[in-house]
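Every chain is numbered from 1 and lettered A, B, ... according to where its sequence line falls, protein lines coming before strand lines.
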Amino acid sequence: MEEKKSKGEEKPARSLNFIEEIIEEDIRKGKNDGRIHTRFPPEPNGYLHIGHAKSICLNFGLGARYHGMTNLRFDDTNPVKEEVEYVDSIMEDVHWLGFDWGNRLFYASDYFDQLYDFAVILIRRGKAYVCDMHAEEISATRGTPTRPGIESPYRNRTMEENLDLFTRMRAGEFPDGARVLRAKIDMASPNMHIRDPILYRILHASHHRTGDAWCIYPMYDFAHGQSDSIERITHSICTLEFEVHRPLYDWLIREIGIYAPRQIEFARLNLSYTVMSKRKLLELVKEKHVSGWDDPRMPTISGLRRRGYTPESIRNFAEIIGVAKRDNMIDVSLLEFCIREDLNKRAIRVMGVLNPVRVIIDNFPDDQVEEMEAVNNPEDPAAGTRRVPFSKELYIEREDFMEDPPNKFFRLAPGREVRLRSAFIITCESVEKNPETGEITVIHCTYDPMTRSGMPESNRKVKGTLHWVSARHAVVSEVRLYDRLFCVPNPDDPEEGKTFKDYLNPDSLKVVKGFLEPSIRDAKAGNKFQFERLGYFVVDIDSHPGALVFNRVVPLRDSWSRAENQK
RNA sequence: UGUCCGAUGGUGUAACUGGCAACACGUCUGACUCUGGAUCAGAAGAGUCCAGGUUCGACCCCUGGUCGGACAACCA
């Protein structure tokens, strides 16, 4: 037995991504005694989106993989943009995704006292000074990426004066914008972030957690790395745009003289046919292009949840897309693949008709109802069966009938036979039309009682199988058919004179009436189904007893319509 | 005319750290099927941005280019 477990048979370990390689190298070297500690550090100024999900899965995944820990830390150093609503939604979303920060819920604002002390240390060491220039002056003297900046006239104040001024900044003696605390590094550095960056600014604003205790707030650069250090984070993982901040991150830690975490940057996720910046998402919400942060068309975690995505499918997506440093644009079809794969295994099948046409089974007794037994999920025998009523008058999908069909059309047409799923084989005998419009109003068929599912005759080969609903048993519901929010792959890259909003897809939501089999009557919000041959659907929170509302999560793959569309 | 980062099939990620490129999605065949779904079998598709160099041998190392991205908020 033992020897049988040769190398080739061990589970196919996927190769390491570059961050895992760094971590394993650090472990090998005995850095931090092999301890691994990561953190997910959102700013509570918006809802989390699928890009954050990548980061969450990465950070928490690494914590778990290396038997370490992962903190949730709110980077809340800008009171004017941050709100508790966002804090709450972020915690809900991280939990929903399946991750747990235990008792390690932190806020950068928890460290305001300590951060203040760090600033004082820098001042005492002559590494920081109070600058009286206003925002415009500072910006004007910062230079450009290709031209060095000019040193502030306040740069060489004495340590005593700096200390006094900083103390008075904190005491509230000065108005917003009057002064800032700056690091004293190098105004000529080719790295803009090293040109005496601002550490603290005066902001007489009340903070969602510290209230009015402070009127000076640390900048990102002075809060983030120090918070990492305080929490003894070993690997501080962030997105590429912070790469140029790393020298400052390291400088501050070194000059203050505290524990040094290692910052590692990776490429953020871009998804086709959507936008991913909080600013743009907020704009869509505020201008009512969508119903809210949790609109099922939004790439937010709450939107995806409402759309019917599962945490498992999103985690799997995060795993599949990988982690690297090059810019990327992932096709939404990959996300769709992930949710189909997941729901295929678990969603109960049900029949529903969204664009009905009446079918009358001429040889079926008028008032008779037969109960058909239908399999709940062919992928999962344990899901059992249910009963579906069959009667003389049915609905089928209008697209499932053609009066004059091409050869490859396997569905219903005059004289043709099709199977009704879990029921009988029927033959089309004739159609009735609206004389004015030419629209087909009724399709007359006959059924063969010997072909009922399970009976010997039912094995007869027929080309097509249709879903159907007994007209008088149909549960009428609202069905929301969602499509991509934008009609171009990259709305972030508009042509001259246009903005991303010029590419909003006018057909991203279509509301139709659905005629569903009665077994669905008691479905609850969040329940997911496959409407056979159509797609996956979830019961929306707008549902009420007797007035169900469904969201289409994603359509089924449809090689017929794909072939048709290619013509 | 700065600094930093990146460049591998249509998309994304690999390549045991130098041994002529793999996996997934997508695409296309075919089989099977009471979902034109799922499943199964197979195929096409890159010679690794370019030019040199080192080497028996380079996606991998070196040099020089090209292209793309990030950085000039008292945002994060």
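Under 3.5 Å, the side chain of A:E379 and the base of B:rU39 form no donor-acceptor pair of N or O atoms. With hydrogens and angles ignored, a donor-acceptor pair closer than 3.5 Å exists between the side chain of A:R349 and the base of B:rU35.
One finds a salt bridge joining A:D196 and A:R155 here, because a Lys/Arg side-chain nitrogen approaches an Asp/Glu carboxylate oxygen to under 4.0 Å. The residues A:D228 and A:R39 are annotated as salt-bridged, a charged nitrogen and a carboxylate oxygen being separated by less than 4.0 angstrom.
Checked by atom type and distance alone, the side chain of A:N191 pairs as donor or acceptor with a backbone atom of A:V244 at under 3.5 Å. Between the A:Y536 side chain and the A:I339 main chain, no donor and acceptor come within less than 3.5 Å of each other. A donor-acceptor pair under 3.5 Å is absent between the side-chain atoms of A:T210 and the main chain of A:H207, judged by distance alone. With A:R349 contributing its side chain and A:V375 its backbone, the two residues share no donor-acceptor pair below 3.5 Å. In terms of modelled atom types and a separation under 3.5 Å, the side chain of A:T300 and the main chain of A:W293 share a donor-acceptor contact.
In summary, the side chains of A:S189 and A:D186 do not present any donor paired with an acceptor at a separation below 3.5 Å, with no hydrogens or angles considered.
Taking only side-chain nitrogens and oxygens, A:R326 comes nearer than 4.0 Å to OP1 or OP2 of B:rU8.
Distance check on atom C1': B:rC61 versus B:rC28 gives 40 Å, rounded to whole Å. The same atom, P, is picked in B:rG52 and in B:rG57; the two are 15 Å apart, to the nearest Å. If you take atom P in B:rU13 and the same atom in B:rA7, they sit 9 Å apart, rounded to whole Å. Nucleotides B:rG9 and B:rA24 place their C1' atoms 13 Å apart, quoted to the nearest Å. Atom C1' of B:rC67 sits at a distance of 30 Å from the matching atom of B:rA76, rounded to the whole Å. Comparing the P positions of B:rU54 and B:rC62 gives a spacing of 15 Å, expressed to the nearest Å. Comparing B:rA72 with B:rG65, their C1' atoms are spaced 27 Å from each other, to the whole Å. To the nearest whole angstrom, the two C1' atoms, one in B:rC60 and one in B:rC49, are 15 Å apart.
If you check every strand for non-hydrogen atoms under 4.0 Å, A:P148 touches nothing. Heavy atoms of A:G46 sit nowhere under 4.0 angstrom from any nucleic acid atom. A:E265 comes within 4.0 angstrom of no nucleic acid atom, judged by non-hydrogen atoms across all strands. Counting non-hydrogen atoms under 4.0 angstrom, A:I330 reaches the backbone sugars and phosphates but no base. Residue-level contact check: A:K408 touches the bases, meaning some heavy atom is under 4.0 Å from a base atom. Residue contacts for A:V323: at a heavy-atom cut-off of 4.0 Å it reaches the sugar-phosphate backbone alone, with no base atom in range. Residue A:S559 is classed as a sugar-phosphate contact, given heavy-atom separations below 4.0 Å to backbone atoms only.
Residues from residues 380-389 of chain A with heavy atoms under 4.0 angstrom of RNA chain B: there are none.
Distance CG (A:N344) to P (B:rU33): 18 Å, rounded to an integer number of Å. The distance between atom CG of A:D558 and atom P of B:rG37, rounded to the nearest whole Å, is 8 Å. Going from atom CG of A:N17 over to atom C1' of B:rG12 covers 14 Å, rounded to whole Å. With rounding to whole Å, A:L16 atom CG is found 13 Å from B:rA15 atom C1'. Distance, A:I19 CD1 to B:rU13 P: 12 Å, rounded to whole Å. Atom CG of A:N490 and atom P of B:rU11 are 13 Å apart (whole Å). The separation between A:I321 atom CD1 and B:rA14 atom C1' is 15 Å, rounded to whole Å. For the pair A:Q263 CD and B:rC5 C1', the computed distance is 13 Å after rounding to whole Å.
Ring geometry for A:F390 against A:Y447 counts as tilted: the plane angle lies between 30° and 60°, on a 0 to 90° scale.
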Dot-bracket line, read 5' to 3' along RNA chain B, where crossing pairs take [ ] and | marks a partner on another strand, Watson-Crick or G-U under 3.5 Å: .((((((..((((.....[..)))).(((((.......))))).....(((((..]....))))))))))).....
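Residues passing the side chain to side chain contact (heavy atoms under 4.5 Å, CB included) test with A:P494, sequence neighbours excluded: A:K498, A:Y503. Remark: A:E21 pairs with no residue by the salt bridge (Lys or Arg N to Asp or Glu O under 4.0 Å) rule, at least two apart or across chains. Remark: A:R398 engages no residue in a salt bridge (Lys or Arg N to Asp or Glu O under 4.0 Å) (not counting sequence neighbours). Qualifying side chain to side chain contact (heavy atoms under 4.5 Å, CB included) partners for A:F410, counting only residues two or more places apart in sequence or in other chains: A:K463. For the side chain to side chain donor-acceptor pair (under 3.5 Å) test, residues two or more places apart in sequence or in another chain that qualify with A:E85 are A:Y47. For A:R147, there are no salt bridge (Lys or Arg N to Asp or Glu O under 4.0 Å) partners, not counting sequence neighbours. With sequence neighbours excluded, the residues that form a salt bridge (Lys or Arg N to Asp or Glu O under 4.0 Å) with A:E457 are A:R460.
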Sequence-aligned protein contact record of nucleotides 24-29 of chain B, with B where the base is within under 4.0 Å of a protein heavy atom and S where only the sugar-phosphate is: -S-SS-
Contact state string [nucleotides 65-76 of chain B, B base, S sugar-phosphate only, - no protein heavy atom under 4.0 Å]: ----SSSBBBSB
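Base orientation of B:rG57: anti, since the glycosidic angle falls outside 90° of 0. Classification of B:rU17 as syn follows from a glycosidic angle within 90° of 0.
Which of B:rU13, B:rG12, B:rU33 sits closest to the side chain of A:M329 comes down to B:rG12.
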Audit row: A:K345, A:D380, side-chain contact (heavy atoms from CB on, under 4.5 Å) steps and yes/no: CA-CA 7 Å; A:K345 291 179 302 198; A:D380 176 17; over 6 Å; no
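Nearest-nucleotide mapping onto RNA chain B: of A:K325 and A:F409, the residue sitting toward the 5' end is A:K325. Comparing A:R421 and A:A324 by the nucleotide of RNA chain B whose heavy atom lies nearest to each, the residue mapping closer to the 5' end is A:A324.
A heavy-atom distance below 4.5 Å is found between the side chains of A:F317 and A:L271. Two residues are said to be in side-chain contact when any heavy atoms from C-beta on lie closer than 4.5 Å; A:R14 and A:E20 meet this criterion.
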For nucleotides 41-48 of chain B, tabulate all protein N/O to nucleotide N/O atom pairs closer than 3.5 Å, reporting atom names and distance.
none

